[in-house]
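Here the structure comes first, spelled out in structure tokens, and everything after it is commentary.
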Number of protein chains: 2
Amino acid sequence: MKKDVSQVVVRRMPRYYRYLGQLLEDNVERISSERLSEIMNVTASQIRQDFNNFGCFGQQGYGYNVKFLRDEIGKVLGLDKTHNMIIIGSGNLGRALASHGAFHKQGFIVTAMFDIDKKLSGTKINDIEIRSMDELEGFIKKNRVDIAAITVPAEVAQELADRLVSLGVKALWNFAQLDLEVDSDVIVQNVLLSDSLMRLSLNMTRKRVLDDND
Amino acid sequence: MKKDVSQVVVRRMPRYYRYLGQLLEDNVERISSERLSEIMNVTASQIRQDFNNFGCFGQQGYGYNVKFLRDEIGKVLGLDKTHNMIIIGSGNLGRALASHGAFHKQGFIVTAMFDIDKKLSGTKINDIEIRSMDELEGFIKKNRVDIAAITVPAEVAQELADRLVSLGVKALWNFAQLDLEVDSDVIVQNVLLSDSLMRLSLNMTRKRVLDDND
DNA sequence: AATATATCAATAATAATATATCAAAAATAA
DNA sequence: TTATTTTTGATATATTATTATTGATATATT
């Protein structure tokens, strides 16, 4: 039984992976938490605590081996395996995901797209075939699907999620502007663009509210 | 001395706005924190604490008036004003943002798009003209620009951010996979798709559900 | 080889966040 | 009207997250 890692830690892990990748590119062989903390603008304590949630990757007096650490964090992030992903909805957002090369490099393979519009059936985006929604059941039964990206209108997203979950999909990457209700063994990761924009807006209006003023 | 609201609270505000909108559509006139907490799956305490960061919107023995509360939270989120937004990069992601109708409804008006590819100059997406990057300076000087959405490759994003900031843009909605370095009076809101996907992947091996968007 | 320095992992201390409690105000019922 | 119930906003408590400290162990220096 793995101990539960908190989501604040989870949120930080990809950032570490990103910076370690950069260090690797720059041929940095080893790094201390102190040095990394300067580069990343966080405390060295937090870095060590975060890493130690997943294992002891460092060595006293030496620091962390960049290559080893990045690989270990990669494993934590599941990047040592490949994940088959389908995209439901071939609107602009669906197409953006399909043609985003970085995912493939990290082991997230888009195996199919689906769209309600049958006129699109058979056409391809970035070599990925668009299929009719009627084919969803058959496709998932024949092919392993680890992740489904949902880029359909919010009005039909819950219904779609139910359909995907009933077919055994355990991870949903949700771009529809609502909270999906799913069984507790299904993971939902939201990317809610409107929410993000509103946060930006909120922070814009409050940024000048400084301590001594009022 | 007005205390700064913490980002954990900021992160939750758009979700309240969303649920209150739903209640309004369902013609619910008033609601208690207790009832809302059941619907939203959080504690009533947290809801009251969150709201009280921005004002006293409720009434003992009555609860919250849905219409009033939603309007107040709307103001907190800056939705009572309009924000002029430009999009830099007219790839799939840029086009997805440009054609996403919901932003406009919430007062975020896309006034122009820019792309390095001069062949696209003059063409339109969702009635928004694509301009050459050469026109950036001129456009920003002539037109108020509140927010710039950055959907260019990571390699050129920092350089672009510097350019935008030097032209006086104070808010960046960043989709490029890197941490932008900007003056402290500039707000950066990241939407890092790869990071989000990695978090999903991490959670898949460790089971949990939660929201994204920092 | 001996000593000094670097640095982690674990633990303790502090700070931030979330939840529970409660007095007072307002609504509702009697 | 008066009593009872509801429900907030404020405050107290509990929990979680972050930062600092410490002891152990590796590396570097003399």
Side-chain angles (χ1 to χ4, degrees), chain A residues 3-13 15-16 19-20 23 28-73 76 199 202-203 206 211, chain B residues 1-13 15-16 19-20 23 28-70 72-73 76 199 202 206 208-211 214:
Chain A
K3 71 172 179 260
D4 227 12
V5 174
S6 92
Q7 288 296 312
V8 285
V9 176
V10 171
R11 188 170 302 119
R12 287 192 291 261
M13 296 313 290
R15 183 157 183 263
Y16 292 126
Y19 275 82
L20 289 166
L23 288 169
V28 179
E29 194 180 286
R30 64 186 244 192
I31 194 158
S32 68
S33 57
E34 190 61 38
R35 181 79 192 95
L36 188 57
S37 81
E38 287 159 14
I39 299 172
M40 295 189 64
N41 239 23
V42 294
T43 65
S45 252
Q46 182 165 79
I47 290 177
R48 292 199 297 272
Q49 293 277 37
D50 283 350
F51 292 172
N52 287 15
N53 279 290
F54 303 99
C56 299
F57 305 135
Q59 193 89 147
Q60 285 102 325
Y62 173 87
Y64 298 91
N65 177 283
V66 175
K67 173 90 177 68
F68 174 76
L69 179 61
R70 195 180 103 111
D71 283 351
E72 288 300 318
I73 292 181
V76 164
R199 283 185 202 107
L202 190 163
N203 282 323
R206 305 212 117 228
D211 283 5
Chain B
M1 160 164 153
K2 202 155 163 187
K3 196 168 169 260
D4 233 13
V5 174
S6 90
Q7 288 298 309
V8 284
V9 176
V10 170
R11 188 173 303 121
R12 286 192 291 262
M13 296 314 290
R15 184 158 181 262
Y16 292 126
Y19 275 82
L20 290 166
L23 288 169
V28 179
E29 193 180 287
R30 62 188 247 193
I31 193 158
S32 68
S33 58
E34 189 61 38
R35 181 79 192 93
L36 188 57
S37 81
E38 287 160 12
I39 298 172
M40 296 188 63
N41 239 23
V42 293
T43 64
S45 247
Q46 181 164 80
I47 290 176
R48 293 200 298 272
Q49 293 275 40
D50 282 350
F51 292 172
N52 287 354
N53 278 290
F54 304 99
C56 298
F57 305 137
Q59 193 93 138
Q60 283 103 324
Y62 173 87
Y64 298 90
N65 178 281
V66 175
K67 174 87 176 67
F68 174 75
L69 179 61
R70 195 181 103 112
E72 288 300 318
I73 293 182
V76 164
R199 286 194 274 268
L202 189 162
R206 290 175 180 258
R208 257 286 179 85
V209 187
L210 219 91
D211 195 335
D214 33 289

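Throughout, a chain's letter reflects where its sequence line sits, starting with A, and its residues are numbered from 1.
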| field | Length of the line joining B:Gln7:CD and D:dA17:C1', which is rounded to integer Å | value | 16 Å
| message | I need the CZ-P distance between A:Phe68 and C:dC8, as an integer number of Å. | response | 14 Å
| said: Let's see if you can work this out: which of C:dA18, C:dC8, D:dT8 has an atom nearest to the side-chain heavy atoms of A:Ser32? | reply: C:dC8
| request: Output yes when at least one side-chain N/O atom of A:Ser6 is less than 4.0 Å from OP1 or OP2 of D:dT16, else no. | output: no
| message | Can you classify the ring geometry of A:Phe57 versus A:Phe51 as parallel (below 30°), tilted (30 to 60°) or perpendicular (above 60°)? | response | tilted
| query | For B:Asn52 and D:dT8, is the shortest distance between a side-chain N/O and OP1 or OP2 below 4.0 Å? | reply | no
| field | d(CD1, A:Ile47; P, D:dA17) in whole Å | value | 18 Å
| query | What one-letter contact string describes nucleotides 20-30 of chain D from 5' to 3', where B marks a base within less than 4.0 Å of any protein heavy atom, S marks contact via sugar-phosphate atoms alone, and - marks no contact? | reply | BB--BBBSS--
| said: Measure CG/B:Leu36 against C1'/D:dT6 and give the value in whole Å, please. | reply: 16 Å
| message | Considering every strand and a 4.0 Å limit on heavy-atom distances, what is the contact class for A:Arg12: base, sugar-phosphate, or nothing? | response | sugar-phosphate
| query | Is B:Glu38 atom CD crowded by more than 12 heavy atoms from other residues, nucleotides or ligands, each under 6.0 Å away? | reply | yes
| Closest nucleotide of DNA chain D for B:Phe57 versus for A:Val9: which of these residues is on the 5' side? | B:Phe57
| Contact list for residues 40-51 of chain A, test salt bridge (Lys or Arg N to Asp or Glu O under 4.0 Å), sequence neighbours left out | A:Arg12-A:Asp50
| query | Quick one: is C:dA9 close enough that its OP1 or OP2 comes under 4.0 Å of any side-chain N or O from A:Tyr64? | reply | yes
| request: Choose from C:dA18, D:dT18, C:dT7 the nucleotide whose nearest atom is closest to any side-chain atom of B:Gln46. | output: C:dA18
